[in-house]
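Proteins get letters first, then strands, A, B, ... in listed order; numbering begins at 1 in each. These numbers were taken from a predicted model, which means no experiment stands behind them.
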Amino acid sequence: MSVSIQFDRVVKRYGSATIIPPLSLTVKDGEFFTLLGPSGCGKTTLLRMVAGFNTIEEGVIAFDGKPVNDMPPAQRNIGMVFQNYAVFPHMNVRRNVAFGLHNRRLQRDEIDRRVDEIMETVHITEYASRMPDRLSGGQQQRVALARAIVIHPNVLLMDEPLSNLDAKLRLEMRNVIRDIQHSLGITTIYVTHDQEEAMAVSDRIAVMEQGVIQQVGTPKRLYQRPVNRFVAGFIGRSNLLNARLEGGSLVFHGTRAFPYPNALPAAADQSVIVSVRPEEFIVSKDGGGLSGKVINSIFLGLNTTYFVKLDSGETVETVEESTIDSIIPQGTPVKLGLKIDKLNVFTADGKASLTRGIGEVAEDA
Amino acid sequence: MPSAPMVMKKRKADVWVIVSLSAAALYALFLLYPLVSLLSKSVMDADGGFSLANFQRIFTRAYYLRAIGNSFKVTLAVTGVAVLLAAPLAYLTAVYRIKGRGVLEILILVSSMSAPFIGAYSWIMLFGRSGDVTVWVRETLGLSMPDIYGFQGIVIVMGLQLYSLVYMFVSGAFKSMDNSLIEASESLGCGGVRKLLKVVFPLLLPTLAAGALMVFMRTFADYGTPALIGEGYVTLPVMVYKTFMSETGANDALAAAISLVAVVTTTAVFLFQKLVVSRKKFSMSALHPIRPKPVRGIGGFLAHAYCYLIVALAMLPQCYVVYSSFRNTSGKLFTSGYGLGSYIEAFETVGRTITNTYALGFAAIVAIVLTATLIAYVVVRRPNPLNAALDVATMFPETVAGSILGIALLVSFSRRPLLFSGTAFIMVLCYTIRRLPYTVRSSSAILQQIHPSVEEASISLGASDMKTFYRVTLPMMTPGVLSGAILSFIMIITELSASIILYTTRTKTMTLEIYSQIIRGNDGVAAAISSVLTFSTIILLAVFFKVSGKKEIEL
């Protein structure tokens, strides 16, 4: 039975240092929710508060409205998957998976049935009698996952579960995790610093920095309409260009004005930061746009990346679908057109967006 | 959704708080209280009033001052000798491929684990006034051997035994030294002797200091060796014993005062090490350990000769004792021919002491394992001021000489309702307090390598704190706990200085029996029991290596 999780003005302090200032959030029943942020941003701290391994200094964390602050971790009915798997090294795979069921004093045959079933689901049946030191990292992670979900937890907590795996296994395991979560429908909180991984698995993502949630939303919304410069830079890649917003148009260094219909109606004329993702430039030799020179190029197969030094002195990165023609040589003067409707504009300090379509929907439905 | 944010209580006190408090209570009763009793005894005059007369006496009479001075002289000399013998040995075996290195290391280990006073006894049998070598030199060469008794005797015996501790420390440091540090030094133009002085020696210094401190503590606390070979050369533990046990005029208060002087001294040295030396500690881990190079020619010969000579000298007493144990005796004298006579006599007359030793040791080791694992857990996993204090309390008895701890326990627990003197319990208690540190250390060391997430996984799966400890943590700690326990056990069965204060005829152990047989001049039986002790140690060490899967011992 899965639950929704409410965070109401939750505070974490260590001594006098506040790690997480009052934070409120709701994770919906059955949702795959990811806490994403750079290391030290408080995402793991928050996860461990849900698990009960960290104390909550102020505020309330509740499962389906029922506060769990004072409930010991052993009674919260959580499944937890750890970064280092934390598979019990002195028990074989089957006993590892059955550990939580034994603690629940279930009937023997019930335990066997559920263990068999889950081992089948995560494809570890053939390793049932192996000791963990004879398993690969990926196999250990499957054991850890099976052990966490076999107890039918209220909520599944995953702390950077893939970061110890190599790149290929990481891709494979994130699909496994995604599929199993979908089929079981367990409310899941997932912690990672890898934005691509977060986008691939999550229903919704909370981007955190310094203990504060910067933005909560679907992967698509975070990518397309980041709420500030931090999110724009953390999710995907962004070029940040200095410009001025004047009468509803963007004026770059020494260029003509680009009309910007997405600007907030109330936005006054001011210096701004324009966030342009590499694919939001249109590179051409003689079209319109910002002018500059190609200083380097990287052929990546599907795409070709160009580094262009603008006349303003700023260097930007662009991505173009590779063509059969030759790559634009270094030193070639080019024009960079802009896909205006995709751009995001922030105040000069980067803290707020001046683009429409963010304030209205703080959280996606 | 809960509406008002409210200040919530911290998580409820877990079961580990109870563990910490219980351990603290035990330490208060069995360590703090005896030390306080010792203190109050030392400042009490005959009528029970306050008086510093005892201390005045110690610091004004030449007899006491000389003993204190002797203790320092002999301790510093032994520490110096041990370091000078061991450091080159460790360097040679680390850098060069010394043939038979494995055997050498086992022998070094065995000599480190033996009771020092047995070494003293053996040296006396060889080089004493009527020692075999002395007699032979006198009768066949007509020469006289230098005197083995007194200062030089203690230094030879202790130095040749305790160098093994320094060796084990330093060779451990060499094993964790990355060869690329040495290569980096050479590539930067610093080679040869300069490299040794500028890179290798500074890297070893903290380890060397730790090893030297251990030698210092052991020598300072040792009773048996100066008692046997020191003759007129009285050191602090000998004086404490004489003052406390003297049949003509036992003076508990004075013995307590001398004990306190010793405790304060060793504590000062210990704190100095903690505060100054360990602050300079750094951790090394060797990705590319130093590979011993083959060595030939005259250099190779000298390197081998040095290593073999030191180890042979250190093993000489052990071997001679074992050899003596098989000699035939008539009355108290050795006669020609070999047999098991001494063993038969030993088993028949004093076999009880062997079972006593094992029974007391076993009881102590059970107590040690039960407490050490729990203390290690709270110290490592629940860092707070109380547990930090527990950690210090656990390690503190290492700095207290056995005889002093014995006296402290005796003056504290010889009145109802805490009347333990003369019981087996007080001996087990003393062994437990003194040897707990080894097991706590090895348990903490292995616990630090167990990631807490394994325990959290267990708790998140619904297991209670205690169930998690016994089902998950403890099984994973087993190798560390066992190896520490075996070391503790060896230390217990070879211990003399505390037992000699606390024992009664019913609780006499092997070391005590050896000691009294030596005093009585019953060399055959003494040698036989000593050999039993040595064999026990070797077997236990073999078990240790089997259990821990290690190739060396970290103290």
Determine the minimum heavy-atom distance between B:Ala463 and A:Ala74, stating which atoms define it.
O-CB, 3.6 Å
State the CD1-OG distance between A:Ile78 and B:Ser460, to the nearest 0.5 angstrom.
5.0 Å
Cut-off 4.5 Å, heavy atoms of chain B, and the answer for A:Arg48 is side chain
Please classify the contact of A:Ile151 with chain B as side chain, backbone, both or neither, using a heavy-atom distance under 4.5 Å.
side chain
Can you list every pair that meets ring-ring contact (aromatic ring centres under 6.0 Å, His included) and has a residue in residues 88-123 of chain A, with sequence neighbours left out?
A:Phe88-A:Phe99
Between A:Gly100, A:Ala148, A:Gly79, the one whose heavy-atom pairs under 4.5 Å with chain B are most numerous
A:Gly100
Nearest non-hydrogen partners of B:Ala457 and A:Ala86, listed with the distance:
CB-O, 4.0 Å
Would you say the side chain of A:Pro73 lies within less than 4.5 Å of the side chain of B:Glu456, judging by non-hydrogen atoms?
no
Just do the side-chain contact (heavy atoms from CB on, under 4.5 Å) check on B:Ile459 and A:Phe53 with the steps written out, would you?
CA-CA 9 Å; B:Ile459 290 170; A:Phe53 295 128; 3.9 Å; yes
Once you round to the nearest 0.5 Å, how far does CE of A:Met80 lie from OG of B:Ser458?
13.0 Å
Contacts of type salt bridge (charged side-chain N to carboxylate O under 4.0 Å, His left out), residue A:Glu197, not counting sequence neighbours:
none
Taking non-hydrogen atoms and a cut-off under 4.5 angstrom, which of residues 103-112 of chain A neighbour chain B?
A:Asn103, A:Arg104
I'd like to check the salt bridge (charged side-chain N to carboxylate O under 4.0 Å, His left out) partners of B:Arg471; sequence neighbours left out, ordered by chain and number.
none
